[in-house]
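One structure is given below, encoded as structure tokens.
Every chain is numbered from 1, with letters handed out A, B, ... down the list of sequences.
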Protein chains: 2
Amino acid sequence: MPKAQRMAQMLTVAEEIFAEQGYLATSMDEIAERVGVSKPMLYEYFGSKEGLLIGCIHRARTELREKTAAAIAGAGSPEEFLRLGLLAFFEFIDEHRRSWALLRQEAAVAVPSAQEEVEGIRQQQTDMIGAVLASFTPDIDPLEAEAFAEIVVGATERLAVWMERRPSVGPALATDYVMAVIWPGVSARLTKLPAPARPA
Amino acid sequence: MPKAQRMAQMLTVAEEIFAEQGYLATSMDEIAERVGVSKPMLYEYFGSKEGLLIGCIHRARTELREKTAAAIAGAGSPEEFLRLGLLAFFEFIDEHRRSWALLRQEAAVAVPSAQEEVEGIRQQQTDMIGAVLASFTPDIDPLEAEAFAEIVVGATERLAVWMERRPSVGPALATDYVMAVIWPGVSARLTKLPAPARPA
DNA sequence: CGCAGTAGGTTACTCGAAGTAAGTTACGAG
DNA sequence: CTCGTAACTTACTTCGAGTAACCTACTGCG
């Protein structure tokens, strides 16, 4: 089997087993066995157990970024930006429950560099939100814009975890909840609103 | 040394080393050495490495609950409840930066049951917030109240992590940021507002 | 055809750290 | 002063991450 294909297969299997049993409880031998290959192959391609985990996170991160970017491409107003971005996020989580659990709960604790990867995902999101805020409010205090973005990401992430425990709550409703809480506060800070003309 | 005292000492040392190096990179031998005792003593009192970690989390959780409960005791309005609760939380984090990092970043991934303990802390917070919301809006949809509480907790937690990277941001400013984003949205849902009479 | 180089793979180890069995010391009560 | 127990230790076993060394089959080329 060619290398790229084998690596993708390894990531898929590892993601599944990590999500099932947790990072610590999973042995490299087990992953190797389920892939149908011997342990040194995993080390050949990923260097270490941590490297394998990071590979999983990295792949999910790329996918999430692509989906979100595509979703917000057609947005006009800041409200639409936020709403479409949130919806894309919740839909992604909904489709990848297991890997999401892995990313959010397993990776962060186990390994410092995996933690950095997960932080990278958040950074990617806060950057996007911060950019939206700044584009509609050029004179906003940068520190405040950053804080707002962090708050939105934190709220969203937490609600995604909660959504998993509530089968009746889907991506659309989750988006509504987040928007209901944060939009009044966020919009109050936007000076350059889209539809109405800017007052000063 | 009596058992209770020794256990407390072990927790203190373990918390410190876990926070310094991460859960995985810390060996029981190292903790034992720094406590000035042999490894089997740790196992005698905490059963396992995981048990020791959970002990750390549990102690922090108790302390956090006590501080928060004390802080919101004198609150009159829902806004004051939230504000005082948030402030108490950020102050707690500010005083326990290292153990906070441990709880948030290390514990969750490494060990399933540690994760449950951390979720217990969040549960404790969402319950408190949910109760405040419900007490001021008895007719609120319970699911919505839960979602709101999760959002507030998520936003707060995330901002606490961010606060660590921003030395210029203290508990007071962090509280202001969170309130600025969430309060307009939350208050819009409260039917029984404190100062003005309820319209219908 | 035959053979060289390499991609893809394996077996069989080392080593470090979690967890344990069995034994030792200190000390207060009868 | 000796019995019982709480607090503690040394010396293991076991398991899993990571590695060294070796193998195999295919592809291109004289």
Side-chain angles (χ1 to χ4, degrees), chain A residues 1-58 102 106-117, chain B residues 1-57 102 106-115 117:
Chain A
M1 187 178 295
K3 178 167 172 176
Q5 194 179 336
R6 181 66 88 191
M7 282 181 85
Q9 184 200 11
M10 285 170 173
L11 287 178
T12 302
V13 170
E15 196 174 286
E16 193 179 316
I17 307 189
F18 282 150
E20 253 170 39
Q21 314 183 345
Y23 176 77
L24 273 183
T26 302
S27 76
M28 291 295 268
D29 285 299
E30 188 178 352
I31 296 174
E33 192 186 351
R34 215 139 115 187
V35 171
V37 92
S38 70
K39 191 167 58 162
M41 287 307 296
L42 292 173
Y43 284 92
E44 173 72 21
Y45 290 157
F46 294 99
S48 66
K49 188 180 180 183
E50 184 174 330
L52 184 56
L53 176 63
I54 290 175
C56 292
I57 298 171
H58 205 81
L102 164 72
E106 300 281 342
V109 163
V111 196
S113 50
Q115 199 171 306
E116 282 165 30
E117 275 295 314
Chain B
M1 188 179 296
K3 178 168 172 175
Q5 193 179 337
R6 183 63 88 187
M7 282 180 84
Q9 183 199 10
M10 286 171 174
L11 286 178
T12 302
V13 171
E15 197 173 286
E16 194 178 318
I17 307 188
F18 282 151
E20 253 170 39
Q21 313 184 344
Y23 175 78
L24 275 182
T26 303
S27 74
M28 292 296 268
D29 284 299
E30 188 179 352
I31 297 174
E33 191 187 351
R34 212 138 116 189
V35 171
V37 91
S38 70
K39 192 168 57 163
M41 287 307 296
L42 293 173
Y43 284 92
E44 173 73 21
Y45 291 158
F46 294 98
S48 65
K49 189 180 180 184
E50 184 174 328
L52 183 56
L53 175 63
I54 289 175
C56 293
I57 298 171
L102 164 71
E106 300 281 342
V109 166
V111 199
S113 51
Q115 199 172 306
E117 276 294 314

Is there a residue in residues 30-45 of chain B whose heavy atoms reach under 4.0 Å of DNA chain C, and which residues are they?
B/K39, B/P40, B/Y43

Nearest heavy-atom pair of [X] and [Y]: which atoms, and what distance?
X	Y	value
B/E30	B/A25	OE1-O, 4.5 Å
B/V35	B/Q9	O-NE2, 3.4 Å
B/S48	B/Y43	CA-CE2, 3.7 Å
B/I31	B/I17	CA-CD1, 4.0 Å
A/L11	A/G55	CD2-C, 3.5 Å

Students should find this one: the first and last nucleotides of DNA chain C, 5' to 3', lying under 4.0 Å from a heavy atom of chain A. What are they?
C/dG8 to C/dT11

Between D/dT19 (P) and A/D29 (CG): distance, integer Å
14 Å

Rounded off to whole Å, could you give me the NZ-to-P distance for the B/K49 and D/dT14 pair?
21 Å

First of A/S48 and B/M1 reached from the 5' end of DNA chain D, by closest nucleotide
B/M1

If you count the non-hydrogen atoms of other residues, nucleotides and ligands that lie under 6.0 Å from CD in B/E33, is the total more than 12?
no

Any cation-pi pair here, A/K49 with A/Y23, using under 6.0 Å and within 45°?
yes

So B/E50 and A/L24, do their side chains get closer than 4.5 Å, heavy atoms only?
no

